[in-house]
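Take this structure first; my questions come after.
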Number of protein chains: 2
Amino acid sequence: MKIAVDAMGGDHAPREVVRGAVQAARENGFSLILVGQEPRIREELSQADAPAGEIEIVHASEVVEMCETPGIALRKKKDSSIRVGLSLVAEGRADAFVSAGNSGAVMAGGLLILKKIPGVDRPAITATIPTPHGPIVLIDAGANVDCKPAHLLQFALMGEAYARKFLGISCPRIAVISIGEEDSKGSDLTRETCEMIRRTNLRFLGNAEGRDFFSGKADVFVCDGFVGNVVVKTMEGMAQALGPFLKTEIDKSLLAKAGALLARCAIRNLRKRLDYAEYGGAPLLGVRGGVMICHGASDRKAIKNAIVAAGAMARFRLDEEIARSISAQGSVPL
Amino acid sequence: MKIAVDAMGGDHAPREVVRGAVQAARENGFSLILVGQEPRIREELSQADAPAGEIEIVHASEVVEMCETPGIALRKKKDSSIRVGLSLVAEGRADAFVSAGNSGAVMAGGLLILKKIPGVDRPAITATIPTPHGPIVLIDAGANVDCKPAHLLQFALMGEAYARKFLGISCPRIAVISIGEEDSKGSDLTRETCEMIRRTNLRFLGNAEGRDFFSGKADVFVCDGFVGNVVVKTMEGMAQALGPFLKTEIDKSLLAKAGALLARCAIRNLRKRLDYAEYGGAPLLGVRGGVMICHGASDRKAIKNAIVAAGAMARFRLDEEIARSISAQGSVPL
């Protein structure tokens with residue numbers, strides 16, 4: 001098992017990426033390849049007290065910046081860390097690729113270099129969200145803005161395979177995100193998607209609403225990438241706002257201040273549990289091999305968690321499971 | 001100033017509605033009309049110790065159930081509390097209508113009976129959401145599933161008028177909800193909407209992401225009713241999940257338990273502040289007169305708050321302000 005890591009990707013690269021990689025290698029015994037500008041990576045490794053040879057380096061001279069247009073950047077920068085890292089997976093030299101860099105470029109590169117799993121039209125980003133009832137899966141979290149019902153059906157199949165193999169949910173319950181529980185509610189897209197999923201053998205519950213994410217009603221929530229991206233970022237923003245919100249309330253009373261001091265650890269843990277970055281990253285499902293897309297703001301801990309998750313995805317051969325699951329629905333008219 | 005209240009609408013009607021109305025009349029001095037089945041309203045009023053004559057009653061024999069298809073229910077039930085209540089506003093006998101009943105029927109009835117403000121194609125539901133930086137406005141929160149750019153432009157104009165007149169924000173900052181900050185990011189709908197809003201004199205910031213709801217970046221967030229409904233319900237679900245989430249963490253340590261006891265009031269206040277039902281309801285903007293749509297689960301307090309908000313909307317003549325604002329953009333090609 002070998003994971004390639006984009007050392008140049010993210011707001012805090014290369015430092016935080018290299019530190020996260022060193023942690024994953026030491027604490028979790030991962031075999032890693034850091035991809036990027038070798039001199040900078042070497043410097044960071046030496047500052048992290050990592051002896052030469054502990055982590056492999058593959059040089060890539062170029063960096064795709066966060067603000068670049070994905071397609072153009074990929075075409076122009078043939079020696080970017082994203083292209084080189086994905087190629088390592090395509091050539092079988094690595095089992096998965098982790099990047100906190102330009103997510104559009106990672107997605108486009110995944111399609112271009114790794115290719116799609118047969119039967120998948122659109123790879124999708126898969127967010128894992130902590131809830132009081134355990135983690136839920138939201139797919140697509142932002143890869144595809146405009147979708148057809150057949151795409152959402154594929155997302156359902158991929159999300160089901162992920163929840164089953166990766167999260168260990170034995171028979172995941174699938175729902176389509178809509179604006180009412182009745183089948184008639186929603187858009188043309190959600191109604192047609194519901195009809196298609198009903199014809200499969202998935203454990204399908206029909207429509208779910210925004211409040212159902214936290215109600216324990218379903219395990220996998222299917223939507224287009226526009227809705228999914230807005231939802232995931234709304235949750236992220238709300239979790240981050242918890243601190244300032246609670247502080248305002250606590251500052252109002254001395255008693256509450258004393259209490260907050262005692263409960264500080266619990267409150268910190270709550271914020272951590274609500275922080276979806278704790279899951280390290282979101283896999284791009286539907287391409288061959290494993291690709292883990294991390295938050296641009298990822299720190300060393302998020303990178304470490306993403307490497308651990310990418311390792312698990314590769315170990316479970318999630319891409320092969322998805323291929324099996326999609327081909328088993330072969331008789332379903334897309 | 002007179003507010004008509006749908007006594008039969010909501011999961012806890014008529015009891016909670018009548019109790020909320022009695023509170024609004026007593027504590028806030030509102031002049032009210034309760035609309036619905038007179039014997040049941042009289043009984044509730046007497047149980048609430050409200051002397052005859054304190055609150056006016058207008059009889060309506062029929063009730064639109066929560067599960068009914070709005071259009072059909074409105075057509076069939078000519079003497080429903082929703083139709084009768086809206087007619088009171090249309091006839092000038094009331095200044096606004098408050099209902100926790102079938103929201104689709106209230107919307108359809110608003111269009112049918114009150115009519116649209118000139119220049120408005122689609123009335124929209126307007127959610128007011130508490131954040132650490134003060135309240136923000138999200139429009140449309142669920143009235144229109146499929147929208148064109150011109151509709152979103154009108155939502156921006158209506159939301160701006162609401163934020164300015166009702167929330168007292170002197171020069172509201174407007175943003176379009178999308179999946180990236182750059183103008184190029186998003187769907188065809190968001191891109192074309194941005195172009196149109198840029199041609200107005202609104203204080204327009206361009207795209208905003210889900211995490212910006214809580215960042216203090218903008219005051220009014222514009223989106224189609226599908227996205228808006230999912231967002232508002234996601235926030236609602238997350239706020240409700242806070243309690244169980246925090247409890248799990250606090251139960252882990254005795255120290256945290258003691259602290260939570262002291263900070264209990266602050267934690268309760270936080271949950272209250274995150275509960276969008278505290279705002280009582282969401283106005284349906286774009287129709288003549290005032291319509292306040294309440295959560296089906298509204299209790300007496302939510303109803304009271306909604307009546308207070310409906311009173312303020314009517315006092316500010318928000319519908320006339322919207323008409324002015326839209327006609328001032330007359331030269332903008334829709």
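Letters A, B, ... are given to chains in the order of the sequence lines, protein chains preceding strands, and every chain is numbered from 1. What you see below is based on every heavy atom in this structure, not just the backbone, and it leaves out hydrogens, waters and symmetry mates.
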For this session: Pick one of side chain, backbone, both or neither for S215(B), based on which atoms fall under 4.5 Å of a heavy atom in chain A.
Result: neither
Exercise. Non-hydrogen atoms of chain A under 4.5 Å away: do they reach the side chain of S178(B), the backbone, both or neither?
Worked result: both
Problem set entry | I136(A) to F213(A) - nearest heavy-atom pair and separation | CD1-O, 3.6 Å
Exercise. Between R191(B) and S184(B), is there a donor-acceptor pair closer than 3.5 Å when you use the side chain of the first and the backbone of the second?
Worked result: yes
Seminar exercise, completed: Residue from I179(B), V145(B), N229(B), D146(B) scoring the most non-hydrogen pairs under 4.5 Å with chain A is I179(B)
Seminar exercise, completed: Looking only at C67(B), G186(B), G104(B), the option with the highest number of non-hydrogen pairs under 4.5 Å against chain A is G186(B)
Exercise. Taking only residues two or more places apart in sequence, or in another chain, which ones meet F226(B) in a ring-ring contact (aromatic ring centres under 6.0 Å, His included)?
Worked result: none
Exercise. Do D219(A) side-chain atoms and I169(A) backbone N/O form a donor-acceptor pair below 3.5 Å?
Worked result: no
